[in-house]
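In what follows, a single structure is set out as structure tokens and then discussed.
To find a chain, count down the sequence lines: A is the first, B the second, and so on, and within it residues start at 1.
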Amino acid sequence: MSENTMLSVRDLRASYGAIAALHGVSVEVAEGELVALLGANGAGKSTTLKSICGVLRPVNGTVTFMGEEIANKTPESILRKGISLVPEGREIFTSLTVAENLRLGAFASYKKARYEADLEEMFGLFPILKERLHQPGGLLSGGEQQMLAIARSLMSHPKLLMLDEPSLGLSPTMTDQIFELIGDLHKRGTTILLVEQNAERALEIADRVYLLKTGNIEFAGTPQQMESEVDIAAVYFGGEDAGESCEVVS
Amino acid sequence: MTGEFFINTLSLGSLYALMALGLVFVYGILKLVNFAYGEYIMIAGYTMFVLGTYTGVPWYFTMLLAVVAAAFTSYMTEIVAFRPVRTKSMSAMLVTSFAVSMLLQNMVLLVVSPRARAVPLPALFNESVVVFGVTTPLRNILTIVTAVVLLVGLSLLMKYTVLGIAMRAAADKFTTTRLMGVPANLVISVAFIISGTLAGVVSIFWVSRSASVDPLIGFAPLLIAFIATVIGGMNSLTGAVVGGFVYGLLFNALSIMLPASMLNFRDAFMFVIVILFLLFRPEGLIRGNYTEERVG
């Protein structure tokens with residue numbers, strides 16, 4: 001473990017009933033890094049994030065965050081330690097207004113003195129949120145909801161921001177915007193753990209990459225190493241065998 | 001006649017709305033129909049009986065303590081009975097709520113008596129007043145005023161406080177609310193305390209109708225609350241309130257319209273209406289926009 005390691009996941013095992021989803025996953029994120037966790041559907045990416053933030057209780061393994069073991073803590077206490085998850089599918093509170101969604105984001109770390117300034121900062125990053133401040137979250141478009149979800153997470157001043165499939169279901173233009181934003185956040189010093197289906201885009205902005213396959217880490221390294229050593233298309237289509245059937249379909 | 005019907009319906013509807021609201025507060029968060037809800041009403045009733053009969057505590061203080069007792073009982077049942085089984089399954093929660101209901105009923109059966117006990121009420125409750133040319137028991141007016149004050153207070157709480165926002169969020173997406181740093185225990189405890197407080201207030205007016213309390217007194221309000229939420233919609237607080245008033249209206253309308261020989265079957269007619277709702281509008285009058293996530 002290097003000196004500035006922020007998050008260290010060791011030998012994480014998780015299962016849904018009898019079905020094991022993670023068979024000993026180890027991931028490290030250093031302070032200021034942008035780490036991407038890639039893999040096909042069902043590889044265990046979301047399960048890894050959910051285990052880190054306490055939504056799932058891992059069967060085995062350790063999760064160490066800033067030197068503290070957090071594997072068996074509740075989601076609310078893990079957030080208070082500084083890990084915030086932007087969940088898959090955005091999970092906006094649809095009946096709450098944009099303002100109320102943002103206020104809840106700041107629930108744990110609310111300080112009256114800085115709240116207005118924090119809001120202004122979010123409006124700087126996402127001007128659309130200011131326009132829609134008093135509308136219910138459910139009325140926002142998919143891309144706007146994703147922005148709201150990210151802003152909501154940022155309101156808690158996380159030390160580590162985890163994003164689960166932020167580009168899922170978004171238009172190409174919106175995907176560009178979201179990735180540009182993630183890159184900007186990274187440049188400003190935010191530590192990010194990013195789960196993505198869109199490997200190509202994730203590789204462009206990531207410092208390091210982990211590749212998950214059926215609950216195991218298949219590859220770990222820099223984006224350049226990954227591009228030269230791994231057949232990315234094969235990974236996403238489930239290996240050579242599945243690749244053939246894909247050809248038939250197309 | 002019209003004026004009397006109007007005030008009676010408004011009074012009965014207010015009471016039913018409060019009953020339904022108390023049940024839905026917990027349902028909204030935990031998706032649990034708490035069958036012990038009626039027993040909080042009973043506990044408040046016995047508190048009034050004991051304090052009013054054996055002590056010289058002034059009536060307004062007695063009523064306040066009755067509400068506190070109901071809220072406290074509700075909170076304690078959450079901590080002792082529901083919290084340990086919360087992560088297990090919905091069925092476990094449901095069975096637990098039956099068990100809590102039985103335990104509280106039998107406790108009172110053993111400690112007090114299976115027979116009804118007279119609850120001393122202030123003379124104020126039996127006085128009549130003239131409102132808009134209609135002579136009506138002051139109790140009816142008090143019910144309406146109390147309901148209005150509570151409904152306005154609760155809406156302000158839900159709309160303008162962080163706790164209220166968190167409660168609404170938790171009813172929408174429970175796990176995501178925890179990811180915002182909102183403690184699950186806090187939200188659930190508050191839901192039970194609000195539910196118990198409403199049960200206590202309901203108890204004051206429910207018990208005052210017969211001026212007595214017995215171990216099974218909580219059953220009818222529980223049933224009314226349940227039916228009102230079926231009519232109004234289980235998934236929103238507004239639905240519960242609307243359901244309560246609609247139930248009160250239907251009940252009073254049936255009382256007037258049914259011939260005397262049929263009046264005994266009034267409840268049967270009520271259930272026919274409920275069945276029609278379940279068949280043709282199972283989500284209730286107010287749909288609400290909460291997803292059906294459960295607490296795991």
Side-chain angles (χ1 to χ4, degrees), chain A residues 16-17 49-50 52-57 73-110 112 115 134 136-139 145 148-149 151-158 161-164, chain B residues 24-25 27-29 31 83-84 86-89 155-191 233-240 283-284 286-296:
Chain A
Y16 297 100
L49 291 196
K50 284 181 180 169
I52 294 171
C53 71
V55 170
L56 294 175
R57 201 187 295 255
K73 298 239 185 305
T74 58
E76 52 264 34
S77 60
I78 291 173
L79 176 109
R80 278 157 204 267
K81 302 213 178 295
I83 301 181
S84 183
L85 172 72
V86 180
E88 187 177 2
R90 324 186 231 289
E91 297 280 313
I92 289 302
F93 302 113
T94 49
S95 57
L96 271 55
T97 64
V98 170
E100 288 168 339
N101 269 282
L102 292 171
R103 178 63 188 84
L104 269 191
F107 184 91
S109 60
Y110 181 76
K112 203 175 179 185
Y115 185 71
H134 299 293
L139 291 185
Q145 288 194 3
L148 176 56
R152 188 179 63 179
S153 272
L154 289 174
M155 289 299 284
S156 72
H157 290 266
L161 183 68
M162 303 199 297
L163 300 137
D164 196 348
Chain B
V24 150
F25 247 98
Y27 179 83
I29 307 278
K31 308 294 169 236
R83 190 170 290 186
R86 201 166 74 206
T87 52
K88 302 294 187 284
S89 72
S155 345
L156 292 177
L157 176 86
M158 296 302 280
K159 188 142 181 57
Y160 294 109
T161 69
V162 189
L163 189 63
I165 297 173
M167 302 278 295
R168 282 187 289 142
D172 186 353
K173 297 185 174 71
F174 191 80
T175 305
T176 311
T177 309
R178 297 182 75 181
L179 285 172
M180 303 293 112
V182 180
N185 286 340
L186 171 77
V187 169
I188 293 169
S189 291
V190 170
M234 267 279 182
N235 289 323
S236 77
L237 301 177
T238 321
E283 72 277 25
I286 311 288
R287 281 164 206 264
N289 47 5
Y290 296 137
T291 50
E292 289 292 299
E293 190 179 27
R294 289 193 163 153
V295 185

**OP:** State, yes or no, whether a side-chain contact exists between Thr176(B) and Arg152(A) at a heavy-atom distance under 4.5 Å.
**Re:**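 Yes, their side chains come closer than 4.5 Å.
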Original post:
Does any non-hydrogen side-chain atom of Lys173(B) lie less than 4.5 Å from one of Thr94(A)?
Top reply: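 SC-SC contact between Thr94(A) and Lys173(B) confirmed.
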Considering all heavy atoms of both residues, which atom of [X] and which atom of [Y] are nearest to each other, and what is their separation?
{"X": "Glu100(A)", "Y": "Lys159(B)", "value": "OE2-O, 3.8 Å"}
{"X": "Pro183(B)", "Y": "Arg80(A)", "value": "CD-NH2, 3.8 Å"}
{"X": "Leu79(A)", "Y": "Gly181(B)", "value": "CD2-CA, 3.4 Å"}

Original post:
chain B heavy atoms under 4.5 Å from Ile92(A): which part of the residue, side chain, backbone, both or neither?
Top reply: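 It is the backbone, since no side chain atom gets that close.
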Subject >> Region of Leu163(B) in contact with chain A, defined by heavy-atom distances below 4.5 Å >> reply: neither
Gap separating the [atom1] atom of [X] from the [atom2] atom of [Y], nearest 0.5 angstrom:
{"X": "Phe107(A)", "Y": "Thr177(B)", "atom1": "CZ", "atom2": "OG1", "result": "10.0 Å"}
{"X": "Leu179(B)", "Y": "Leu104(A)", "atom1": "CG", "atom2": "CG", "result": "12.0 Å"}
{"X": "Arg178(B)", "Y": "Thr74(A)", "atom1": "CZ", "atom2": "OG1", "result": "5.5 Å"}
{"X": "Arg57(A)", "Y": "Thr87(B)", "atom1": "CZ", "atom2": "OG1", "result": "7.0 Å"}

Subject >> Flag if over 12 foreign heavy atoms under 6.0 Å of OH, Tyr16(A) >> reply: yes
